[in-house]
Number of protein chains: 2
Amino acid sequence: MLPELKITQLRHFVWVAELKGFHAAAEKAHRTQPAISLSIRDLENKLGEGLFEKRNAKTAKTELTPFGRYFLPKAKELIAHHDRVAEDMTLLAEHKTGHLRIASVPSIATRILPELLLQFVADSPDLHISFFDGNSDAVIKMVESQEVDFGIASLFHEEEHSDKSFTPIWDDQIGVVCPINHPIAEFDEIHWEELTQYRLIGNGTSRILEDTEASPLLGQSQFYISNMISLIAMLEAGFGITTLPWYAVPKDSQKLTFVPLSSPKVIRHIGIVQMNNKSLSPPAEALVEFIKQQSQDHQD
Amino acid sequence: MLPELKITQLRHFVWVAELKGFHAAAEKAHRTQPAISLSIRDLENKLGEGLFEKRNAKTAKTELTPFGRYFLPKAKELIAHHDRVAEDMTLLAEHKTGHLRIASVPSIATRILPELLLQFVADSPDLHISFFDGNSDAVIKMVESQEVDFGIASLFHEEEHSDKSFTPIWDDQIGVVCPINHPIAEFDEIHWEELTQYRLIGNGTSRILEDTEASPLLGQSQFYISNMISLIAMLEAGFGITTLPWYAVPKDSQKLTFVPLSSPKVIRHIGIVQMNNKSLSPPAEALVEFIKQQSQDHQD
DNA sequence: TTTCTTTGGTAAGGAAAACTTATCAACGAA
DNA sequence: TTCGTTGATAAGTTTTCCTTACCAAAGAAA
């Protein structure tokens, strides 16, 4: 019942009106002049009224009818609205804008994400990012409840989470962290049994060793420190040694060093967790791609 | 560079989203389901991002992606805006709304226009009308300066006004107005020379007779009254008689009667004056058409 | 389980819309 | 007058859109 006005037609109309000529408008539209003529005529038919003064008669200038004059600002507004929406959506699709929510385990959150996000955000000034951290279980829970677009976690058992998918990105090897002047600091790698003679401090990541041959180490620990800051302080004070995944070791520590465990060689796969049937928002998708790309580059 | 979103496509998208299905949307759009599928796919390609969750996979329900969810309200707004504009313009073209300015000579203004406008406005509740009256010269001036959309006037000499067009509507015959008990009230028509024996009052319309054989009458007039109300009062008081065009005679006078002049038979053509190269606004055009139609009907 | 029904996606052909080239008439300027 | 410009018009082609016919997947019912 209502006519369906095409944005293109409105543009033609506005151009003819503002450039005062069909030829000029045609050039601007990258069309030929008859195309514009027909487009305008069609628009006039749809609206049921002439937009320009009868142009076959002796009139020289292309001039709007009162009806056309009334229509012009409305057409311009509608075009502007359309362009605003189109631009918004395009920017969003190109992840230049939007809101991104992610959750990550602390190790990646502190060691990897900061500079990675910095790079990612560089050409997306309007992108808002909400960031949460927690252990892998917490991260997975947030993915499940869709509080976040995706999560970065380890300890992922596909059997228990058939509704989610896991894409491994980082291989995080467990090793021993000790002061640089500690005897084992010289080692290139170390066997778990060699640790028994030292004071081992347990921490939140220790349970990774639970199902390995090194599990006896866990019972041996006299100290358990869950807070990472405190743990590092204790280690730096020479209080003892601990096992940690590589990415959980502070990057710039002058006083600590990392020696990989050769046996058991425990590799913790950390990667991206997302819901299977939910596709990601464009910025989220873009970040995931960016992460994959970056980790690829770093491996080469 | 920016994609050009078609309103139709947006409608399809909104329908699929709100009716939660392509089939339902297809029915609403009076299209087949594949048409909707293709329309949505095209829209997705334009935006560069999926709007609905991948539907080939095991997902049952038609569900929006986050991107689609974000787009939905914007699409609805844009459609609403479009419809508002389309409706506005359609109403305007159908003269259901708008602003109409006309000028008319008093005779038509008082005798014809009131009930004619009443009829015309009946189905156009939002139509605003500005009305001016004046003698023919004044009316034509207002048309020239485009203060009014068109004018209703007589005394039109095409030679002097080649930039305007005149459409005669009413034929207004000059006659004698006298009290009903006056001797000439009995006549069916009258010759100008028969008037010389009575006291003739001149008025604003008298100069119509200037170029006719009856011009001697003008010099004979002892009284001249320009104001119509006063003139009528004088006539009703039996002070004398006058010549007037038929349409200038008060319609419902109980005390006066009109006797046409048979010689000279002076017919004053009253009609519509408008600019040649300016087309009328839709309501103006509609009123002109309405007037033509009405006068036609009344003649039959 | 198998079958039926519903979902939407895909392919191929045809109708409709949009655009092109070629041409025309009208007007203004040189 | 002639030329250069305006936009309208006709005919034909390209592109877009839509249709019919068919398919695969998944949920419901037998």
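Chain identifiers are assigned alphabetically (A, B, ...) following the order of the sequence lines, protein sequences preceding nucleic acid strands; residue numbering begins at 1 within each chain. Just so it is clear, the model here is predicted, and its values are computed rather than measured. Only heavy atoms go into these numbers, but all of them, side chains included; no hydrogens, no water, no symmetry mates.
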Do the side-chain N or O atoms of B:H23 get closer than 4.0 angstrom to the phosphate oxygens (OP1, OP2) of C:dG8? yes
A:R41 side chain N/O closer than 4.0 Å to the phosphate oxygens (OP1, OP2) of D:dT9? yes
Do B:I108 and B:D172 have side-chain heavy atoms sitting under 4.5 Å apart? no
Let me know the distance between [atom1] of [X] and [atom2] of [N], rounded to the nearest Å.
X     : N      : atom1 : atom2 : result
A:W15 : D:dG7  : CH2   : C1'   : 19 Å
B:E27 : D:dT19 : CD    : P     : 13 Å
A:E4  : D:dC17 : CD    : P     : 12 Å
B:F22 : C:dT10 : CZ    : C1'   : 14 Å
A:E63 : D:dG7  : CD    : P     : 13 Å

Selection residues 7-16 of chain A - residue pairs positive for side chain to side chain donor-acceptor pair (under 3.5 Å), sequence neighbours left out: A:T8-B:E4, A:Q9-A:D42, A:Q9-A:K46, A:R11-A:D83, A:R11-B:E4, A:H12-A:S39
Please check if any side-chain donor atom of A:D171 sits under 3.5 Å from a side-chain acceptor atom of A:H269, or the reverse. yes
Got a list of protein N/O to nucleotides 17-22 of chain C N/O distances below 3.5 Å?
residue: C:dA18; atom: OP1; partner: A:K6; partner atom: NZ; Å: 2.6
residue: C:dC19; atom: OP1; partner: A:R31; partner atom: NH1; Å: 2.9
residue: C:dT20; atom: OP2; partner: A:T32; partner atom: N; Å: 2.9
residue: C:dT20; atom: OP2; partner: A:T32; partner atom: OG1; Å: 2.7

Closest non-hydrogen contact found for B:R69 with B:L64 is NH1-O, 3.4 Å
Minimum heavy-atom distance between B:A153 and B:S136, given as atom pair plus value: CB-OG, 3.6 Å
With sequence neighbours excluded, tell me which residues meet ring-ring contact (aromatic ring centres under 6.0 Å, His included) with A:F290. A:F120
